[in-house]
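Contents: one structure, followed by commentary.
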Number of protein chains: 2
Amino acid sequence: MATRNGKLLLSPDDWARAALATITDSGPDAVSVERLAGELGVTRGSFYWHFGGRDDVIVAALELWERESTTAQLPALEAIADPIKRLRALLRAVYEPAVDAAELALAAVSDDPVVAPIFARVTERRMAVLRKIFTDLGLSAKEAADRAWLAYTFYLGHHQLRKNAAIASRRPEHLERMIDLLTAAAPRIAEQVTP
Amino acid sequence: MATRNGKLLLSPDDWARAALATITDSGPDAVSVERLAGELGVTRGSFYWHFGGRDDVIVAALELWERESTTAQLPALEAIADPIKRLRALLRAVYEPAVDAAELALAAVSDDPVVAPIFARVTERRMAVLRKIFTDLGLSAKEAADRAWLAYTFYLGHHQLRKNAAIASRRPEHLERMIDLLTAAAPRIAEQVTP
DNA sequence: ACCTGAACACCGTTCAAGT
DNA sequence: ACCTGAACACCGTTCAAGT
């Protein structure tokens, strides 16, 4: 950071990074101009030199997250030729490690006018990767879209459930079973029971 | 509500119902003691006669929701003998109508110490209904648990995505396809591509 | 160009006092 | 038994003034 007379001179990016740290820890609601100012060693008033208001620094923080934690990761995945391997790599990357707190915080407020466009961009990008996996497996565009939808809702729901400790302890141990189900042939089990 | 000298006398239930209305509209964060007091025509101070603090009225509101909107609906479902029909009824009930706002608001903060126990109770109850569908279809307890997990994460993720208008417009039109996938036989499509 | 400091509004919480 | 009203703290936002 730049300084003047031994004092910090802040940029919008400094504020956005501090806000992203708060979002990751405690969600967007926990972002407080007063607290950010305290952490950065300035008064609240100076915040409004850089941003129009509280919402704007949240947007800036989420765009930071979008660039660094999402868009940056996809090219490596897309390089995997075998679609099943690609699906496995994708799901393992999101299933095994601890939940991405910013991801959850974002999903939780995905209808917020501030958050909605960023959420839609990220979702569409990821869904396209999933659709390609299934068309690469030989499914039609429509069938692939259905499978991609199921896979992505699985991903989102899984994260939701993982947040809650009591529920998370019951999640399936073996991700491979989920991959089997997501790539299963269409005909039903127990077809004879169908109406 | 009871009255005295023409003035309203409020019970904890009156406050909880007002809070639930707010949660349904705008989520738990929007619950404000001052606003509730305004709606009910009393001052903020009187709130603290009924509740220890803001969190307590949110818990009371969510327990109201749990009783009226969740527990009450399950017995009718469990009465459907054919497991596929039961799954279809269950998914249609949650897929077709507009998103339950309280449901989403709850899921969004399912790790909140205030919300976690209620969320865990509701989730476990619903997951048990799903597991039974799959054991009724002839699957082992373990296999049924995996399918139930996939079905429930589908449900949660679907609601998440539905919140965002841009994404919701891309959801699969025919729920029946999702039911096919959830009840599909285990062997993979395109088995030859597997490593 | 960036920050301070005072002001105002909103709201959670407490508590003595009222009926 | 339930409510009022004043007080205090926290924080978003504005803005004139400082460097």
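Just so we're clear, the structure is a prediction, and the values are computed from it rather than from any experiment.
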### Residue of the set A/D136, A/L137, A/L130 for which side chain to side chain contact (heavy atoms under 4.5 Å, CB included) holds with A/R86
A/D136
### Summary
Result for side chain to side chain contact (heavy atoms under 4.5 Å, CB included) between A/L156 and one of B/H159, B/Q160, B/H158 points to B/Q160
Quick one: which of [options] gets closest to the side chain of [X]?
X     : options               : result
A/S46 : C/dG12, D/dG5, C/dT4  : C/dT4
B/Y48 : D/dG12, C/dT14, D/dC3 : C/dT14
A/L9  : D/dC3, C/dC2, C/dG12  : C/dC2
A/W49 : C/dC3, C/dC11, C/dG12 : C/dC3
A/L10 : D/dT4, D/dC11, C/dC3  : C/dC3

### Query
Under 4.0 Å between a side-chain N or O of B/S32 and OP1 or OP2 of C/dG12?
yes
### Query
Are any of B/H50's side-chain N or O atoms less than 4.0 Å away from OP1 or OP2 of D/dA1?
no
### Query
Hey, does A/R44 reach any base, or is it just sugar-phosphate, or nothing, if we go heavy atoms under 4.0 Å?
base
### Message
Classify A/V57 by what it touches in the nucleic acid, base, sugar-phosphate, or nothing, heavy-atom distance under 4.0 Å.
### Response
nothing
Separation of [X] atom [atom1] from [N] atom [atom2], in whole Å?
X     : N      : atom1 : atom2 : answer
A/E39 : D/dC11 : CD    : P     : 11 Å
A/F47 : C/dA1  : CZ    : C1'   : 17 Å
A/D56 : D/dT13 : CG    : C1'   : 13 Å
B/L40 : D/dC3  : CG    : P     : 9 Å
B/F51 : C/dG12 : CZ    : C1'   : 15 Å
A/E34 : C/dC11 : CD    : P     : 17 Å
A/I58 : D/dC11 : CD1   : C1'   : 13 Å
A/R54 : D/dC10 : CZ    : P     : 18 Å

### Task
Can you tell me the pairing partner of D/dC11 across any strand shown, Watson-Crick or G-U wobble, with both distances under 3.5 angstrom?
none
#### Entry: Partner nucleotide, any strand, of C/dA1 [Watson-Crick/G-U, under 3.5 Å]
D/dT19
### Message
Testing the basics here: between A/L182 and A/R147, what is the closest heavy-atom pair and its distance to 0.1 Å?
### Response
O-NH1, 3.0 Å
### Distance-only side-chain donor-acceptor flag, B/T22 / B/D25, under 3.5 Å
no
### Message
Please check this pair: side chain of B/E143 against backbone of B/S140, looking for a donor-acceptor N/O pair closer than 3.5 Å.
### Response
yes
